[in-house]
2 protein chains.
Amino acid sequence: MTEAMTPSDAKTWTSETVAGDLERAIHEHRLPPGTKLGEDELGEAYGISRTLVRAALQALSYRRLVELKRNRGAFVAQPTVAEAREVFEARALLEPRTAHSAAVRMTDAALDELRAHITAEHDALREGDTGRALFLSGQFHILIAQVADQRTIEAFVSELISRSSLIIALYWRRRAAMCESQAHHALIDAFEARDGVLAEELMKNHLLDLMASLDLRNLVPRPQSLREALGR
Amino acid sequence: MTEAMTPSDAKTWTSETVAGDLERAIHEHRLPPGTKLGEDELGEAYGISRTLVRAALQALSYRRLVELKRNRGAFVAQPTVAEAREVFEARALLEPRTAHSAAVRMTDAALDELRAHITAEHDALREGDTGRALFLSGQFHILIAQVADQRTIEAFVSELISRSSLIIALYWRRRAAMCESQAHHALIDAFEARDGVLAEELMKNHLLDLMASLDLRNLVPRPQSLREALGR
DNA sequence: GTGAACTAAGTTGTATACGATATTGCGCTC
DNA sequence: GAGCGCAATATCGTATACAACTTAGTTCAC
């Protein structure tokens with residue numbers, strides 16, 4: 001399921017690191033929406049007791065990455081179309097202005113880091129690791145909030161990015177072109193020029209493009225797992 | 001500490017209801033910033049084991065209302081000046097546009113509810129219950145996000161409102177005039193007229209006024225509890 | 001008398017045990 | 001053979017037990 005399954009690594013896991021590991025697995029689509037996350041199973045996988053597993057699952061449920069159903073267990077969340085719209089609505093409010101702030105405060109070191117992200121994303125795609133590419137693409141957005149020096153907004157954006165990855169897993173229309181890094185390249189240019197207004201506009205359009213590449217018509221919500229589809 | 005202390009009520013508490021009860025107590029300033037929240041103490045107060053208490057404290061720590069210090073325990077959070085600025089920065093991005101949406105979608109029933117909130121706030125103030133007044137004042141903002149039909153943004157705003165109450169506890173300048181409901185009255189008028197542009201502008205100014213009524217100079221961060229002041 | 005070190009008490013961190021609930025499969029009835 | 005009901009199994013919910021850490025208090029050395 002995750003690399004934690006290999007019994008060889010002797011890492012000592014905490015609820016936080018387990019939550020992070022699971023979040024990354026979800027973000028990279030190694031754990032697709034609807035996957036059952038059994039407590040015993042996870043505990044054995046990580047070599048910890050259910051106590052810590054439950055803490056990690058709770059943390060993920062607060063970020064809406066995992067849905068906790070009483071007496072039924074934890075499942076990787078399956079955002080509805082309405083929820084998908086809400087997530088991008090929130091991103092539209094937060095990210096453009098944050099990109100503006102980031103452009104103003106941009107440092108050369110941060111620019112290098114952003115460029116490194118794009119390079120790594122390209123490499124991952126060339127290796128066919130679309131999951132890792134998607135993850136890196138998300139980190140790009142989070143890094144922008146970090147540069148803007150807004151940790152509260154960063155936390156919100158981080159959650160929204162992860163949820164976006166679930167939305168992409170469910171509603172992505174054209175599989176071919178991943179998160180087109182064209183937009184990220186253009187953003188970097190704006191950052192390099194410290195052009196806040198341009199960065200804000202580019203981010204706004206980037207998010208609109210992303211949303212446009214999704215199929216958010218209310219046709220078939222994708223039955224997925226028979227019973228889950230009926231919400232029971 | 002909270003009404004849960006009275007042993008008479010036979011309510012069965014869950015981690016969620018305990019978290020909600022604690023959050024309200026924090027919001028109403030019955031649990032001031034820096035208060036130690038001992039697990040055994042809380043467990044006895046609510047008549048539950050530490051397991052559920054820990055779950056509730058974790059939930060509150062994800063909302064940044066409680067700070068968890070490893071092997072030290074849980075404390076009501078004490079936002080720094082920088083954090084206070086971040087919270088209001090985030091609110092400035094989220095709430096005005098959300099007020100705009102709310103104005104467009106406003107219903108008569110929601111208008112009545114908003115008015116009821118203001119009335120209840122006045123009553124609380126007249127009774128000298130400033131804590132309850134502050135809580136209701138916050139609920140007013142959350143209700144707006146509900147009307148806007150944005151549950152994701154509502155969750156963010158809800159967190160920011162609660163954190164704002166901590167900020168007010170620490171940095172409020174003029175004790176007399178609580179969250180001046182003048183602004184809320186004006187917002188209701190804009191909502192009644194379904195004037196989105198006006199509501200957005202009023203909300204923006206309301207937040208600026210609120211921030212202006214705080215003392216966010218970096219003078220003395222308020223030592224509070226001697227050792228806590230040194231971050232140890 | 002000051003300081004360090006050790007000891008003891010208290011609190012949190014984690015695992016485990018037990019009870020409650022949901023689900024599955026079997027067998028019975030019709 | 002179809003449908004219902006009951007039992008068995010599996011999983012989650014909560015409490016409790018024990019280990020680890022922090023902290024406070026005391027003693028001893030200097």
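Please read all numbers here as calculations on a predicted model, not as lab measurements. So that the names make sense, note that chain A is the first sequence line, chain B the second, and so on, each numbered from 1.
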Participant: If I take atom CG in residue B/Leu68 and atom P in nucleotide C/dT12, what distance separates them, rounded to the nearest angstrom?
Facilitator: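 Value for this atom pair: 10 Å.
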Participant: Within the 4.5 Å heavy-atom criterion, are B/Trp13 and B/Lys11 side-chain neighbours or not?
Facilitator: yes
Participant: Rounding to an integer number of Å, can you tell me how far A/Leu42 CG sits from D/dT11 P?
Facilitator: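 Roughly 12 Å, once rounded to whole Å.
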Participant: Does a side-chain N or O of A/Ser49 approach OP1 or OP2 of C/dA15 to a distance below 4.0 Å, or not?
Facilitator: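 Yes, A/Ser49 has a side-chain N/O under 4.0 Å of OP1/OP2 on C/dA15.
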Participant: Can you list the residues that meet the side chain to side chain contact (heavy atoms under 4.5 Å, CB included) rule with B/Ala120, with sequence neighbours excluded?
Facilitator: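 B/Leu136.
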Participant: Checking side-chain contact (heavy atoms from CB on, under 4.5 Å) between A/Thr98 and each of A/Val147, A/Ile153, A/Val157, which is the one that passes?
Facilitator: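 Filter result, single survivor: A/Ile153.
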Participant: Could you list all the salt bridge (charged side-chain N to carboxylate O under 4.0 Å, His left out) pairs where at least one residue sits in residues 110-120 of chain A, not counting sequence neighbours?
Facilitator: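 Salt bridge (charged side-chain N to carboxylate O under 4.0 Å, His left out) check on residues 110-120 of chain A returns A/Asp112-A/Arg115, A/Arg115-A/Glu192.
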Participant: Start at the 5' end of DNA chain C and walk down; is the nucleotide closest to A/Ser15 or to A/Arg70 reached first?
Facilitator: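 Residue closer to the 5' terminus by nearest nucleotide: A/Ser15.
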Participant: So, do B/His206 and B/His141 have ring centers that fall under 6.0 Å from each other?
Facilitator: yes
Participant: Shortest non-hydrogen contact from A/Ala124 to A/Ala133?
Facilitator: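 Shortest heavy-atom contact: CB-N, 3.9 Å.
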Participant: Can you name the residues that form a ring-ring contact (aromatic ring centres under 6.0 Å, His included) with B/Phe88, not counting sequence neighbours?
Facilitator: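 In terms of ring-ring contact (aromatic ring centres under 6.0 Å, His included), with neighbours along the sequence ignored, B/Phe88 is linked to no residue.
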Participant: Which whole-number value in Å describes the distance from A/Leu57 CG to D/dG13 P?
Facilitator: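 These atoms are roughly 10 Å apart.
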Participant: Would you mind reading off the distance between B/Ile48 atom CD1 and D/dA15 atom P, rounded to a whole angstrom?
Facilitator: 7 Å
Participant: Just how far, in rounded Å, is C1' of C/dT14 from CD of B/Gln58?
Facilitator: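 Nearest whole value for this atom pair: 12 Å.
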Participant: Taking all non-hydrogen atoms of both residues, which atom of B/Thr14 and which atom of B/Thr17 are closest, and how far apart?
Facilitator: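 Closest approach of B/Thr14 to B/Thr17: N-OG1, 2.8 Å.
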Participant: Show every salt bridge (charged side-chain N to carboxylate O under 4.0 Å, His left out) that has at least one partner inside residues 76-90 of chain A, sequence neighbours left out.
Facilitator: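 Listed once each, the pairs are A/Glu83-A/Arg163.
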Participant: Take nucleotides 5-11 of chain C nucleotide by nucleotide from the 5' end and write B, S or -, depending on whether a protein heavy atom sits under 4.0 Å from the base, only from the sugar-phosphate, or from neither.
Facilitator: ------S
Participant: Listing time: all N or O pairs from protein to nucleotides 17-19 of chain D that are below 3.5 Å?
Facilitator:
none

Participant: Without decimals, in angstroms, what is the distance between B/Phe75 CZ and D/dT22 C1'?
Facilitator: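 Computing the B/Phe75:CZ to D/dT22:C1' distance gives 11 Å.
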Participant: Distance check needed: C/dT14 P versus A/Trp13 CH2, whole Å only.
Facilitator: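 Between P of C/dT14 and CH2 of A/Trp13: 14 Å.
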Participant: Side-chain N or O of B/Arg54 less than 4.0 angstrom from OP1 or OP2 on C/dA15?
Facilitator: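 The answer is no; no side-chain N or O of B/Arg54 sits under 4.0 Å from OP1 or OP2.
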Participant: For the pair made of CD in A/Glu44 and P in C/dA15, what is the distance, rounded to whole Å?
Facilitator: 14 Å
